[in-house]
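Per chain, numbering begins at 1; letters A, B, ... match sequence-line order.
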Amino acid sequence: MAEAEKTEKTEGTEKKGTFVEKMGSVDRRIIFLLIGLAVLIPIIIEYTTAIPTSPLVQNLFDKIESLPPGSKVLMSFDYGPSTVPENQPMATAFTRHIFEKGHKLYLMALWATGPRQSEALIEDVISVEFPDKKYGEDWIHLGYKAGNQGLINTLLSDFTAMYTTDLDGTSIDEFPMMKGIGSLTDFDLILGLGSGFPGTKEWVQFAGDPGDIPVGGGTTAVMAPLLFPYYPRQIVGFLGGLQGAAEYEYALIKQYPKYEEKSRLASTSMGPQVWAHLVIVAFIIVGNITFFIERSRRKRY
Amino acid sequence: MPKGLVLSALVLAVAAFTVHAQGEPPAPADSVMQAQSAPAPSVRPPSALRAYDTPNDHGSNITIEWEVSPDDAAPGSPVTGYEILRSENPDGGFESIATIVGSATIYADNSVEDGVDYYYRVEALAGTGTSDPVQAGPVTASQQWFDRSRANLLVISVLLIAAIITYVYLSTTRELYIRKIAGLEAVNEAVGRATEMGRSILFVPGIQDMDNVQTVAGVAILGHIAQRTATYETDLNVPVSRSIVMSVGRETVKQAYLEAGRPDLYNDDMVHYITDEQFGYVAAVDGIMVREHPAACFYLGAFFAESLILAETGNSIGAIQVAGTAMPTQLPFFVAACDYTLIGEELFAASAYLSKDRKMLGSLKGQDAGKAIAMLAMLIGVGLGTLATITGSDGLMTAYQWLKRLFSLNY
Amino acid sequence: MKRTIPLLITFAVGLALIVAMFIPHVPFYELDGMFSVFYDVIAVFAFILGGGNLLKVHLNKIQNKRRDWKYSIVTVSGFFLVLAAGLLKIGVPDGWSGGYQAPGSLFKFLYDATFQPLQATMFSLLAFFVASASYRAFRAKTKEATILLVAAFIILLRPTPLGYYLTYWLPEPLRFLHIPNLSTWVLSVPNMAGQRAIMIGIALGIVSTSLRLILGIERSYLGSEGK
Amino acid sequence: MEGQAILTTPLAHAVGVWIGALLTLMIFSFLYKDNPFYKFAEHLFVGVSAAYWMTVAFWTTLIPNLIARLWPSSMGSVLPSAVGNERNWWYLVPLVLGLILLTRLIPRIAWLSRWAMAFVIGYAAGTNFTRYLQSDFVTQVQSTMVPLYEPQGTLMATIGYTFSQIVVVGGVICAVIYFYFSKEHKGSFGRAARVGIWVLMAAFGASFGYTVMARISLLTGRMDFLYNWFIGANW
C-alpha cells in the first residue's frame, strides 16, 4: 500500500487533480468504507426492504391464493443444515400462506437431513403461530424415505405403499386427512424446497410432468438458473435464493398485513444486499461518467 | 365381484398358470402338488420373467425383469409387491432373496458368484398370500472385458487422440502457424520490467495439488518463466499451497536454472510451502505482496474464490498481473482485475507457446481439430433437430436421436 | 535411469487409467479408486516435506532475526500447539478412541476460536474487493469492456428496487425487458453459451495436456528434451 | 478427564468468541493498510491451518488407509473396527512411493523422488483425461444440440424461444472459434472470433454480477457476528 500511496501523492501534487479526475480514481479504501457501512447499518437498524415481487414468485403466490380452502399441499424438505439460511425462510412463508388459506399441509423429505428442518418449522412456526391447527387433520409429518427420484416414481403410482405410517410410526389410516390419498395425483400442489439433487427439478421431471400435477417450490440462488427452462410451462413458479424468499414475504405482507411484524426473516437479511448493490452500482456509474467526460476533453485538445 | 367376473378370473388364472409352466418340467405330480399346497391363488402371477447377466459390469450381478401381474395394473390393486426367490437347482430349494414393495418390474441381484448356474422365481405378493411362482433360468454371472455403454466415448477418444498425434507427428516436418496470445506476449515484458526495477517476480501455481492438470500446466509454465529469470538474474518467489507442488516445483525450477546455465542462482527456498488452507495461503501471499512489492505477479493454475483477493491486492501494489485458469467461475474476476488473462484452454497452450517446442505446438493444432469435430457435431445436431421438428419426419428424428446418443454418457 | 523410468511410470499409470474407463473387468474396475487412495497416502507423506519447510523457513527467520522474525514465533508456536492438540487428542472425552475433533477437545476449541473466524473473515474480504474491482474494471473503454459492463450491470440491478422502478412501467409486450426477466435471460442464454464454449475448450486442453504428459512430450520437472 | 469439562463451559465459549472477534478485526485492518495486527493474524492463521490440515490428513488418511490396511492388529483402541480384517499387501505400493518421495531430503539419492512424482503426474493425466472428456466435452456438445424451432404455446413465446436458441448455438460456435490457435483470426473467421469474445465477455459480466450477492452475504455473516459480540459483551 505504501508504494501505491506514494505514486498517488506525487501525481496529486504535480497537477491539482480536477474533481473529475479525483472521481475517476477514488481511493479503494473509500469504497471499502462505504461497503462496510452499507452492510453494517442495515443490520444495526434492522432495515427491511420492500422487494417488489417478480412474476416468477407472484405466479406461485397467486396459485396458492387461488386454491379452494382445504386443498392438499405437499411440501418436501430436500436440503440440509448448510442451506437453512436460504431455504428455511421459504418454508416459513409457504406454511403461513397455506394455513392462512385453510389448506392441508403434508410434510415429507427426499433428503435424510430434511426432517430436522421440518421439525424446526413445526417448533418455530406451526406450534407457535397456528396452535389451533390439529395434527392429522390440518397437517401431517410423514418424514424421510430413501430412493430419490425412484421414490417419487413409486409415490406417483402408489403413495400409501411407501408411506404406511407417519414419522412417529402411527398408521396413516388413523388420520382423516390421509383418506383419498392414493397417489401424488391426489395433491393439488407440490412444493419442492431444494438445494441440490434430488430437488425441485426432480419433482418437476418425475411428478409434475408425468402426473400432470402443479409443481412449485424454492431453491438456493446458485441452483435457481437450472429451473428457468421449466418456467412457466412445467413449473408454476419458484423462489430463487434469499431474494425469492424476500419477494414472497413481501407478497404475503401485502395480502395479509398482520404478518408485517413476524414475517421478516428474509427481508432483513436482504437489507445489506440492497444497500451494498446500490453502492457498487453507484461507483460503476461514477466511474463511467468520469471516463466519458475525460475522453470528450481529451478529444477536444 | 359379479359371478361372471369371478369365473373369467379363474379361467384366466388357469390359462396363465399353464402358459408359464413351460420353465418347469411338466411332471404331472409337480404341477398337481403345486395346485394343492398353494392356497387358492388370490392374485395372478407376474409374466414374461427374464433373467440375464448384467452387461458392462465386473461380474457377480444378475438382472431379473418381469411384467407386473395382471391384477397389479389398476391402482388400488391387491398386489403390494413382489418376492424374488433363487436356487441353484431348478426343482427346489428356492430361498427368498428380496421382497420389493410397489409395482416394480426389475431387480439386480448382486449376491451371486461368477460362473454358477442360478434359477429365479418371482411371486406377486398380496395381503392374503402369494401368487404362483413364475420361473426363469439357468443364468450365470460373468465379467465383461468391454463396457459397451461407453463405445461412443471410445470412438470420440480415439478420434481426438489420433488428431493430436498426427499433428504432433506432422509438426516435426512442417512449420505451424499459432496465433498470438496477449497474456503470453506479456511474460517477457513483465520479467524485463521486474529486472529494470530490481524487484522480484511472484508466481502462484494455483491452490490445488498435482492431481489437477491445471496445476501441472502452471508448474510447466513456471519452468519457462524460471529460465527467463535465470538469464535476467531476477528474483523469483514461488509460495505454494501443497507439498507435492513444492517438490515438483523445485525440480522444475532447478532444471530451468540448469538449462539457462545459471545453477549458482538457484536455491531451494525460492519455492516454499505456506499452508494447505486456501485462505491461510492467500493471507500469507497478500502479506508477501504488500511487503516485498513484486513487480510482476503470475497466477497460473486452479483457483477458487480467493482469486479476486490475490488479484485486487496485486493491483493495489501496482504490479503487472498475468492470470490463467481453467475454472470458469473464477475467470470473470481475473478478467476484471488483471492486466492479462489466459482464458481456459489458453492456460494449457501456454507452455507449448513459451517453449516453441514443435511437438507441443503440433498438439495445439490437434486441439483445434477437436474443436472442428465439436462444432460439426453441434451444427449437424441442431440442423437435424430443427428439420425433424418442423417436418416431423421420423427418419430425421431417428438420425437426430442417434447423434444425440453418440454424445451421451451411456450409449 | 533418472529420466526413462519416471517417463515409463507416467506412461503406464496414465494409460492404465484411460483404458480402465472402458474395461469393467476386475483389475481395471477399481483401478481409479485404488490409485486415488494411493495418491492420498503419498500426499500425507509429502506433508512432512511441506511442514518441514515451513518450520525451517520460520525458525531460520527467528535465528537470524530477519525482518518480522517476531511474528514467526507466532506461526511456529501456533503450529506446534494445534499439532500436539490434534495428534495427541488432548481433552478428547473418550481418549484415544474418541474423534480428534470431538467437542470438549483442545483441538476443537482452537478450531472454533482461531481457524474458523480467520477463514470466514478472509473469505468475507471478497465483498470489499468485488466492489473495488467492479469500480475499476467496468468502464466502457472498448466494445468488449462495454459488454462486460452491461451484462454485470443488469444482474447487479436485480436485487435492488432501482432495478424494479427502472423497468416496471414498460408495457405488456415489452415484458421481457423487465429487469428480473432480462437478467434471467442474460444468465440463461449468453452466459450459458459462453460457459459452454469455455468448458469445451478446457476439456480439449486437458485431453491434449494429459496426452502430452503421458507420451512424455511435456516433461516440466524432468527438464526439456535437450538435456 | 476433568480437563475436557472446562472447554465446553460457557466461560470457554465466551473466551472463544472474544478471540474470534479480535482476530476478525485484525484481518479487517488489512483493508486500511498492512499493519502489525494483520501480520499477527496472518502468521497465526498460517501456523494453525498448516497443523490443522496435517492432523486431518493423519487421522483420516494415514491411519485408516495405510496403517490400518497394513498392520490391522496394531489398531487397538484407535480404530477398533479395523482390528478384524486381514492385511492388504497392495498398500505397500503407496508406502514405498511415499518413502521415496521423502528421499528429497537426502541430496545424493534425491533423484529417486522423481519416481513418486511420475506416479502422481500419471495419475493426474489419467483421471483428468476421462473426467473432463465426459463431463465437459461430450455432455456440453450434446446439450447444445437443441432444435431451433419448437412450438411454445403462444406465438411470442415461440419467437422468443427460437431467438434464444439461435443466440445460444451461435454464441457457442463463435466462442469456440475464438479459441482457435492454428488459424489466423482474419476475414469471416476473424469476425466470428470477435463475436465469440463478445459472448465470453457477456458470460463473464453476468457471472461476476451473479456472485456479488453471495460475497455480500459472507460479509453480512461476519458483521452480524461482530455486532452481536459487540452488544453482547458487557463492557
Where on [X] is there a heavy atom nearer than 4.5 Å to chain C: the side chain, the backbone, both, or neither?
{"X": "B:Val253", "answer": "neither"}
{"X": "B:Met246", "answer": "side chain"}
{"X": "B:Leu347", "answer": "neither"}
{"X": "B:Ala336", "answer": "both"}
{"X": "B:Glu277", "answer": "side chain"}
{"X": "B:Ile164", "answer": "side chain"}
{"X": "B:Asp276", "answer": "side chain"}
{"X": "B:Ser157", "answer": "side chain"}
{"X": "B:Asn315", "answer": "side chain"}
{"X": "B:Val216", "answer": "side chain"}
{"X": "B:Met378", "answer": "side chain"}
{"X": "B:Arg250", "answer": "side chain"}
{"X": "B:Ser363", "answer": "both"}

Could you have a look at [options] and say which one has the most heavy-atom pairs with chain C under 4.5 angstrom?
{"options": "B:Gly280, B:Ala283, B:Ala374", "value": "B:Ala283"}
{"options": "B:Thr275, B:Val245, B:Leu222, B:Ile274", "value": "B:Ile274"}
{"options": "B:Ile309, B:Val248, B:Ile343, B:Val213", "value": "B:Ile309"}
{"options": "B:Asp269, B:Leu160, B:Val335", "value": "B:Asp269"}
{"options": "B:Asp209, B:Val219, B:Val282", "value": "B:Asp209"}
{"options": "B:Glu312, B:Glu251, B:Met210", "value": "B:Glu312"}

[Y] backbone acceptor or donor facing [X] side chain under 3.5 Å:
{"X": "C:Arg212", "Y": "C:Ile217", "answer": "no"}
{"X": "B:Asp53", "Y": "B:Ser142", "answer": "yes"}
{"X": "B:Gln214", "Y": "B:Ala326", "answer": "yes"}
{"X": "C:Thr10", "Y": "C:Ile214", "answer": "no"}
{"X": "B:Gln227", "Y": "B:Ala256", "answer": "no"}
{"X": "B:Ser247", "Y": "B:Ser243", "answer": "yes"}
{"X": "B:Thr54", "Y": "B:Asn61", "answer": "yes"}

For this session: Taking the six-membered ring for Trp and the full ring for Phe, Tyr or His, determine whether the centres of B:Phe334 and B:Phe303 are under 6.0 Å apart.
Result: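 Aromatic pair counts; centres sit under 6.0 Å.
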Problem set entry | B:Leu364 vs B:Gln367 side-chain heavy atoms within contact, under 4.5 Å |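 A side-chain contact exists here, since the closest heavy-atom pair is under 4.5 Å.
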Enter the distance from [X]:[atom1] to [Y]:[atom2] here, rounded to the nearest 0.5 Å.
{"X": "B:Tyr167", "Y": "B:Lys365", "atom1": "OH", "atom2": "NZ", "value": "5.0 Å"}
{"X": "B:Gln208", "Y": "B:Arg242", "atom1": "CD", "atom2": "CZ", "value": "5.5 Å"}
{"X": "B:Leu331", "Y": "B:Leu342", "atom1": "CG", "atom2": "CG", "value": "9.5 Å"}

Is it the backbone or the side chain of [X] that comes under 4.5 Å from a heavy atom of chain B, or both, or neither?
{"X": "C:Ile48", "value": "neither"}
{"X": "C:Leu49", "value": "both"}
{"X": "C:Leu118", "value": "neither"}
{"X": "C:Ile206", "value": "both"}
{"X": "C:Phe45", "value": "neither"}
{"X": "C:Ile18", "value": "neither"}
{"X": "C:Tyr39", "value": "side chain"}
{"X": "C:Asp68", "value": "side chain"}
{"X": "C:Gln119", "value": "both"}
{"X": "C:Met199", "value": "side chain"}

Exercise. Is the charged tip of C:Arg136 near the ring of C:Phe138: under 6.0 Å from the six-membered ring centre and within 45° of its axis?
Worked result: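 No, C:Arg136 does not sit over the ring of C:Phe138.
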Exercise. Do the numbers put B:Lys356 on top of the ring of B:Tyr353, so that NZ or CZ is under 6.0 Å from the six-membered ring centre and no more than 45° off the axis?
Worked result: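 Pair B:Lys356/B:Tyr353 counts as cation-pi.
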For this session: Check the pair B:Asp368, B:Lys371 against salt bridge (Lys or Arg N to Asp or Glu O under 4.0 Å), reporting the backbone distance first and the verdict last.
Result: CA-CA 5 Å; B:Asp368 284 353; B:Lys371 290 189 200 95; 2.6 Å; yes
Problem set entry | Mutual orientation of the aromatic rings belonging to B:Trp145 and C:His25 [parallel < 30°, tilted 30-60°, perpendicular > 60°] |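 Plane angle under 30°, so parallel.
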Exercise. Which word best sums up how the rings of C:Tyr111 and C:Phe115 line up, parallel for under 30°, tilted for 30 to 60°, or perpendicular for over 60°?
Worked result: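 C:Tyr111 and C:Phe115: parallel rings.
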For this session: For B:Phe146 and B:Leu154, work out which heavy atoms get closest and say how close.
Result: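 Of all heavy-atom pairs spanning B:Phe146 and B:Leu154, the closest is CE1-CD2, 3.8 Å.
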For this session: Name the option with the most non-hydrogen atom pairs under 4.5 Å to chain B; the candidates are C:Leu213, C:Leu54, C:Thr75, C:Val57.
Result: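 That would be C:Leu54.
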Exercise. Looking at C:Ala43, C:Ser208, C:Ser210, C:Ala137, which one has more heavy-atom pairs under 4.5 Å with chain B than the rest?
Worked result: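 Of the options given, most contacts go to C:Ser208.
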